[in-house]
Amino acid sequence: MKNIVILISGRGSNMEAVVRACAAEQWPARVAAVISNKADAKGLEFAKAHGIPTAVVSNKDYPTRDAFDAALQQVIDGFAPDLVVLAGFMRILTATFVEHYAGRLLNIHPSLLPLFPGLDTHRQALDAGVLEHGATVHFVTAQLDHGPVVAQARIDVRPGDTPDTLAARLLSEEHKLYPYAVRLFVEDRLSIVDDGVVIAEANKI
Ligand code: GAR
């Protein structure tokens with residue numbers, strides 16, 4: 001049974017999708033904790049209502065990024081994680097933190113990486129005039145929004161789309177994509193090879 005620790009900063013709808021899929025599909029895993037850097041993150045209520053331990057580590061309580069990440073790491077490690085899942089966790093993490101969780105830290109980013117790293121990805125996509133947009137689940141490396149890609153979901157950009165309509169349409173795809181990717185991890189079907197990810201077939205002998 002693998003322990004998953006999920007980090008959020010707000011709404012937590014991707015966290016919710018992972019929690020629900022983990023239970024419904026009986027993964028060999030449990031969501032051991034949901035941790036937020038914001039005390040008022042909406043997603044904490046869902047976690048509590050589902051009996052999942054929660055914690056808040058506020059970045060405002062620490063003078064430096066290093067100090068915050070060290071405190072966060074200590075709290076995460078208290079839950080003995082096999083996997084740490086960033087689900088709308090809106091903090092840039094230090095190389096030391098990322099290195100500590102190398103190979104067991106996943107992120108979802110709302111663009112088809114390597115296109116549009118950083119913020120305002122839907123606006124970036126519209127400004128670039130792309131016909132296709134999407135989301136990416138990737139292993140986290142020290143370089144922001146880079147790292148071996150596990151899976152992507154794609155949507156068409158439609159005439160009249162705004163950042164909000166794109167975000168909304170993409171979010172429902174994220175809710176399928178992230179559980180799919182996390183499940184692959186907890187079933188030991190992901191390997192990182194030459195900076196890429198190889199997905200093993202189910203039930204391969
Ligand atoms: C999601 O769209 C996720 O892809 C994005 O924030 C949203 C969080 O929603 N993540 C990032 O932008 C990370 N840089 P949620 O809190 O409802 O899961």
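Atoms within a ligand are numbered from 1 in the order they appear, just like the ligands themselves.
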>> According to ring-ring contact (aromatic ring centres under 6.0 Å, His included), who are the partners of His122, at least two apart in sequence or on a separate chain?
In response: His133
>> Suppose we measure from atom 8 (C) of ligand 1 to each protein heavy atom; which comes out shortest, and what is that distance?
In response: Gly88 CA, 3.7 Å
> If you measure from each heavy atom of Met90 to ligand 1, is any distance below 4.0 Å?
Replying inline: yes
> Considering only the protein, which heavy-atom contact is closest to atom 15 (P) of ligand 1, and what is its distance?
Replying inline: Ser13 N, 3.4 Å
>> I'd like to know if Asp188 pairs up with Lys2 as an ion pair, taking the criterion as any Lys NZ or Arg NE/NH1/NH2 lying under 4.0 Å from an Asp or Glu carboxylate oxygen.
In response: yes
> How far is atom 16 (O) of ligand 1 from its nearest protein heavy atom, and which residue and atom name does that atom have?
Replying inline: Gly12 N, 2.8 Å
> Is Asp156 salt-bridged to Arg169, going by a charged N under 4.0 Å from an acidic O?
Replying inline: no
> Starting from atom 11 (C) of ligand 1, which protein heavy atom do you reach first, and at what distance in Å?
Replying inline: Pro110 CD, 3.6 Å
> Are the side chain of Ser36 and the backbone of Ile8 linked by a donor-acceptor contact shorter than 3.5 Å?
Replying inline: yes
>> One pair to check against side-chain hydrogen bond (donor to acceptor under 3.5 Å, both in side chains): Tyr101 and Asp77. What are the steps and the verdict?
In response: CA-CA 10 Å; Tyr101 297 107; Asp77 285 352; 2.8 Å; yes
> Does CD belonging to Glu99 count more than 12 external heavy atoms closer than 6.0 Å?
Replying inline: no
> Between His100 and Asp69, is any side-chain donor less than 3.5 angstrom from a side-chain acceptor?
Replying inline: no
> What atoms in ligand 1 come closer than 4.0 Å to a heavy atom of Ile108?
Replying inline: 4 (O), 10 (N), 13 (C)
> Starting from atom 1 (C) of ligand 1, which protein heavy atom do you reach first, and at what distance in Å?
Replying inline: Glu174 OE1, 3.2 Å
> Among all protein non-hydrogen atoms, which one is nearest to atom 9 (O) of ligand 1, and what is the separation to 0.1 Å?
Replying inline: Arg11 NH2, 3.0 Å
>> With a 4.0 Å cut-off on heavy atoms, is Ala135 in contact with ligand 1?
In response: no
>> Would Gly10 count as a polar contact of ligand 1, with the cut-off being nitrogen or oxygen pairs under 3.5 Å?
In response: no
> Do Val149 and Val137 have side chains that get closer than 4.5 Å, going by heavy atoms?
Replying inline: no
> Between Asn3 and Asp82, does any side-chain donor sit less than 3.5 Å from a side-chain acceptor?
Replying inline: no
> Can you check whether Asp145 has an N/O within less than 3.5 Å of an N/O in ligand 1?
Replying inline: no
> Taking distance alone, with no angle check, do Asn14 and ligand 1 share an N/O pair under 3.5 Å?
Replying inline: yes
>> Return the closest protein heavy atom for atom 14 (N) of ligand 1 as residue, atom name and distance.
In response: His109 ND1, 3.8 Å
